[in-house]
Amino acid sequence: MAATKDIPSSILIIGSGVFGLSTAHALAQRDAFKSSKITLLERLDFPAPDAASIDTSRIIRPDYADGAYAALMAEAHPHWRGEFGAEGRYTESGLCLTQDTNADGGDDDAHLYLVRALENVKTRLGLKVGRRENGGQVEPMETPEDVGRVTSCMGGECGKRGYVNWTSGWADAEAGMCHMRKLVEILGRVEFKTAEVAKLNYGKDRVESVELVGGEKLTADLVVLATGAWTPKLVDLRGIASATGQVLAYIDITQEEQDRLGSNPVVLCETNGMFIIPPRNRELKVARHGYGYANLTRIPHPERQGEMITVSLPRTKQDDPKMNISFEGDKACREYLAKSIPDLATRPWTHTRICWYTDTPTGDWLISYHPTYSNLFVTTGGSGHAYKFLPVVGERIVDIMSGNEKDDLGAELTKKWKWPEQRKKVDHVWTDDWRGGVKGMYLDEEMAKGQKEMAKSRL
Ligand SMILES: Cc1cc2nc3c(=O)[nH]c(=O)nc-3n(C[C@H](O)[C@H](O)[C@H](O)COP(=O)(O)OP(=O)(O)OC[C@H]3O[C@@H](n4cnc5c(N)ncnc54)[C@H](O)[C@@H]3O)c2cc1C
Ligand SMILES: *[C@@H]1O[C@H](CO)[C@@H](O)[C@H](O)[C@H]1NC(C)=O
Ligand SMILES: *[C@@H]1O[C@H](CO)[C@@H](O)[C@H](O)[C@H]1NC(C)=O
Ligand SMILES: *[C@@H]1O[C@H](CO)[C@@H](O)[C@H](O)[C@H]1NC(C)=O
């Protein structure tokens, strides 16, 4: 696949999240594609409120244990710190990563990220280690008191140890996406359309047409699927990637609380995956980076007529405007909030949301031509960590699309993101990437439990 590909005369990108929009941005600037017609389809008016890329905030952290993502983040970071992150789109608040267990507990769990990262803190050259007030960029927290000192404005307990990387922060996710959209618009090369794709019509070895809800059929030399957690509906991804629902809860706070908490670092607990993003405009967010919920649904096989398959697909407020988070998820957010910011323990959520990751077994993305259909390129599998790469990932995607690896990192990423030679023999993929919460929860079951608990509490 290393050979340079023929340049398609028309490219149809489906999905305007991080992957689709950044692909459009990179394509629109490449000389090689200057005579390709580029169209970007999105099922809802941009920005789609239930897309994974659209929210109040996303964590921007450079401290990946994996060298390739760390290198890619080193490319993205200057953009966040520069024009891309200007006007409040990026805030370098620091990220306080904690563990809820003591140094003698939890180490047996070999993957513990923090232990490795702390080693990294101690041995790494180039970054200043120490307290922030002394110019430290990475600040180890060896005791609960250290953690308490760094997060004192929260007034609660945020963990037993950990470290703060003061060079991390968070992005206003929707604002970042709107900025990217503007950058694409300015280039004047991409036609935007709001329309939902019902299905791809597959021939033996290519996608013959893209069929919209309503029946209209579009054709293109190259079809780029960037439909996030909805992708398993349009191509068979069983054993490769699945939608998993993650819980988010928001509360309104007072101006006094905003002033007190607003410049706090992001706090993320490695033990349970819970995190709190510092408030903006008097709104604070609590969420969990978890294994999530599967929403198993029977659908027609996207590639073969007359066959049904079971896959997990998103269910969002677009499907049910009254949808809340599950009882279990609500409880997890509530307990974490009460523990970390006791003042806010009983403040009701103003709204909640289930947001959908596209999870792969390893947490590596899927960015590749389809092995069977030569004009189908898939870019998805974000696994809950792709947002931070918004300013640069499109360039890497288009490198893979054109078969041009511009450097060693490109070659490594191509390998990491390629279509897997073997699928896992399961309908639903539960990732083995680092997560909090319980593995193996199903949306319907958890929602039903909620109804029962709520009925009980009304008695
Ligand atoms: C709760 C949550 C927290 C996260 N936190 C972080 C974080 O802190 N840091 C970080 O770096 N990353 C984070 N991520 C991950 C990151 O947001 C995602 O990896 C990234 O946004 C995925 O982008 P995407 O383009 O694959 O999907 P999406 O943004 O979902 O885009 C897919 C688009 O396709 C459209 N679409 C779907 N089906 C169709 C169709 N049939 N026809 C037309 N259009 C269609 C959808 O409407 C949607 O707009 C988080 C994700 C979630 C959900
Ligand atoms: C903190 O962030 C920097 C990049 O700004 C990164 O190089 C470093 O590895 C991070 N620290 C840790 C402990 O991972
Ligand atoms: C999962 O979500 C889809 C899309 O909203 C919905 O049609 C389906 O019924 C859901 N499945 C279950 C088991 O709830
Ligand atoms: C969601 O919660 C709100 C507020 O508590 C409630 O009014 C609504 O009925 C709930 N929705 C569902 C579907 O349970």
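In listed order, ligands and their atoms are each counted from 1. Along the sequence shown, residues are numbered consecutively beginning with 1.
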For [X], the ligand 2 atoms whose distance to one of its heavy atoms is below 4.0 Å:
X	answer
Asn165	1 (C), 2 (O), 3 (C), 8 (C), 10 (C), 11 (N), 12 (C)
His77	5 (O)
Thr167	1 (C), 2 (O), 3 (C), 4 (C), 5 (O)

Q: Mind checking whether Arg61 contacts ligand 2 via backbone (N, CA, C, O), side chain (CB onward), both or neither, at a 4.0 Å heavy-atom cut-off?
A: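 Arg61 to ligand 2: no contact under 4.0 Å from either part.
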
Q: May I ask you to decide if the ring planes of Trp434 and His289 are parallel, tilted or perpendicular, using 30° and 60° as cut-offs?
A: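 Judged by the thresholds at 30° and 60°, the geometry between Trp434 and His289 is tilted.
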
Q.
Going by side chain to side chain donor-acceptor pair (under 3.5 Å), Trp166 matches just one of Glu139, Glu92, Gln137. Which one?
A.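 Going through the options one by one, the only one that passes is Glu139.
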
Q.
Using the rule side chain to side chain donor-acceptor pair (under 3.5 Å), only one of Gln318, Arg353, Arg43, Arg315 pairs with Asp50; which is it?
A.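 Among Gln318, Arg353, Arg43, Arg315, the one meeting side chain to side chain donor-acceptor pair (under 3.5 Å) with Asp50 is Arg43.
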
Q: Classify the side-chain pair Glu412/Thr414 by whether it contains a donor and acceptor separated by less than 3.5 Å.
A: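 There is no such pair between these side chains.
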
Can you give me every donor-acceptor pair (side chain of residues 230-238, partner residue at least two apart or in another chain, under 3.5 Å) with its distance?
residue	atom	partner	partner atom	Å
Thr231	OG1	Thr227	OG1	2.9
Thr231	OG1	Gly228	N	3.2
Thr231	OG1	Gly228	O	2.5
Asp236	OD1	Arg238	N	3.1
Asp236	OD1	Arg238	NE	3.0
Asp236	OD2	Arg238	NH2	2.9
Asp236	OD2	His301	NE2	3.4

Q. Quick one: does Pro78's side chain get under 4.5 Å of Phe84's, heavy atoms only?
A.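 With C-beta onward as the side chain, the pair stays apart.
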
May I have every N or O pair linking ligand 1 to the protein at under 3.5 Å, one per line with atom names and distance?
residue	atom	partner	partner atom	Å
ligand 1	8 (O)	Ile59	N	2.7
ligand 1	9 (N)	Ile59	O	2.9
ligand 1	11 (O)	His385	O	3.3
ligand 1	11 (O)	Tyr387	N	3.1
ligand 1	11 (O)	Lys388	N	2.9
ligand 1	11 (O)	Lys388	NZ	2.8
ligand 1	12 (N)	Tyr387	N	3.2
ligand 1	14 (N)	Gly384	O	3.4
ligand 1	17 (O)	Ala52	O	3.3
ligand 1	17 (O)	Arg58	NE	3.1
ligand 1	19 (O)	Ala386	N	3.3
ligand 1	21 (O)	Ser53	N	3.3
ligand 1	21 (O)	Ser53	OG	2.7
ligand 1	23 (O)	Ser53	OG	3.2
ligand 1	25 (O)	Val18	N	3.2
ligand 1	25 (O)	Phe19	N	3.1
ligand 1	29 (O)	Ala52	N	3.3
ligand 1	29 (O)	Ser53	N	2.9
ligand 1	29 (O)	Ser53	OG	2.5
ligand 1	30 (O)	Ala52	N	2.9
ligand 1	41 (N)	Val197	O	3.0
ligand 1	42 (N)	Val197	N	2.9
ligand 1	44 (N)	Arg43	N	3.1
ligand 1	47 (O)	Glu42	OE2	2.6
ligand 1	47 (O)	Arg43	NH1	2.7
ligand 1	49 (O)	Glu42	OE1	2.6
ligand 1	49 (O)	Glu42	OE2	3.2

Q: Test side chain to side chain donor-acceptor pair (under 3.5 Å) on Glu328 and Tyr293 and set out the steps.
A: CA-CA 11 Å; Glu328 174 277 333; Tyr293 307 121; 2.4 Å; yes

Q: In plain terms, say whether Asp399 and Arg30 are close enough for a salt bridge, that is, a side-chain N and a carboxylate O under 4.0 Å apart.
A: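 Yes, charged N to carboxylate O under 4.0 Å.
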
**Q.** ligand 2 contact by Met73, heavy-atom criterion under 4.0 angstrom
**A.**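 Under 4.0 Å: no for Met73.
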
